Amino acid sequence: MSMPEFEPDERNLICLYNTGSRKGLIKELNEMLPYLDADQDALRDMAQSVIQKLGSVTDAEYKAFCAELEPDF
């Protein structure tokens, strides 16, 4: 399976919540979700999309992806 494509905003979210591991990032994003306000649907959808995409890659693929990751801001 190949690495899914992450949108620029998704990449930024990954940079903000990255713990150094794929599983740690998934955990952080899941823990963040309940704190979002009702008007933050776009952020909730984006976080859920990132979680889903991260679930489809291996830890090694994630590590290689992070080595090339730079925030887009």
Side-chain angles (χ1 to χ4, degrees):
M1 175 169 269
S2 64
M3 190 73 179
E5 186 69 33
F6 290 94
E7 299 295 325
D9 286 343
E10 291 176 330
R11 294 169 73 92
N12 291 339
L13 188 67
I14 290 168
C15 288
L16 290 170
Y17 284 88
N18 191 5
T19 65
S21 75
R22 181 183 66 88
K23 291 176 185 174
L25 174 57
I26 291 170
K27 180 178 181 279
E28 288 294 315
L29 292 174
N30 276 313
E31 288 177 356
M32 172 265 289
L33 288 173
Y35 295 98
L36 296 177
D37 292 332
D39 63 345
Q40 294 177 302
D41 288 339
L43 180 54
R44 178 176 287 105
D45 292 345
M46 181 176 26
Q48 290 171 334
S49 173
V50 170
I51 291 166
Q52 180 180 1
K53 290 176 183 180
L54 289 171
S56 71
V57 300
T58 66
D59 291 334
E61 290 170 323
Y62 176 73
K63 185 175 182 177
F65 167 74
C66 285
E68 300 174 8
L69 189 62
E70 293 184 20
D72 186 25
F73 51 86

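The analysis underlying the following values was restricted to heavy atoms, covering all of them including side chains, and did not include hydrogens, waters or symmetry mates. As the structure is a prediction and not an experimental result, all values here were calculated from the model.
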Taking C-beta and beyond as the side chain, do [X] and [Y] meet within less than 4.5 Å on heavy atoms?
X	Y	answer
Tyr62	Thr58	no
Phe6	Leu54	yes
Glu5	Glu10	no
Leu29	Leu13	yes
Asn30	Ile26	yes

If only atom types and distance count, is the side chain of Asn18 paired as donor or acceptor with the main-chain N or O of Ile14 below 3.5 Å?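 Judged by distance alone, no pair lies under 3.5 Å.
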Heavy atoms only: give me the nearest [X]-[Y] pair and the separation to one decimal.
X	Y	value
Lys23	Asp59	CE-OD2, 4.1 Å
Arg11	Glu68	NH2-O, 4.3 Å
Met32	Ala47	CE-CB, 3.8 Å

Any chance you could measure [X], atom [atom1], to [Y], atom [atom2], to the nearest 0.5 Å?
X	Y	atom1	atom2	value
Ser56	Met3	OG	CE	7.5 Å
Lys63	Ser21	NZ	OG	11.0 Å
Thr19	Leu25	OG1	CG	6.0 Å

Any side chain to side chain donor-acceptor pair (under 3.5 Å) involving residues 32-41? Give me the pairs, sequence neighbours left out, ordered by first then second residue. Asp41-Arg44
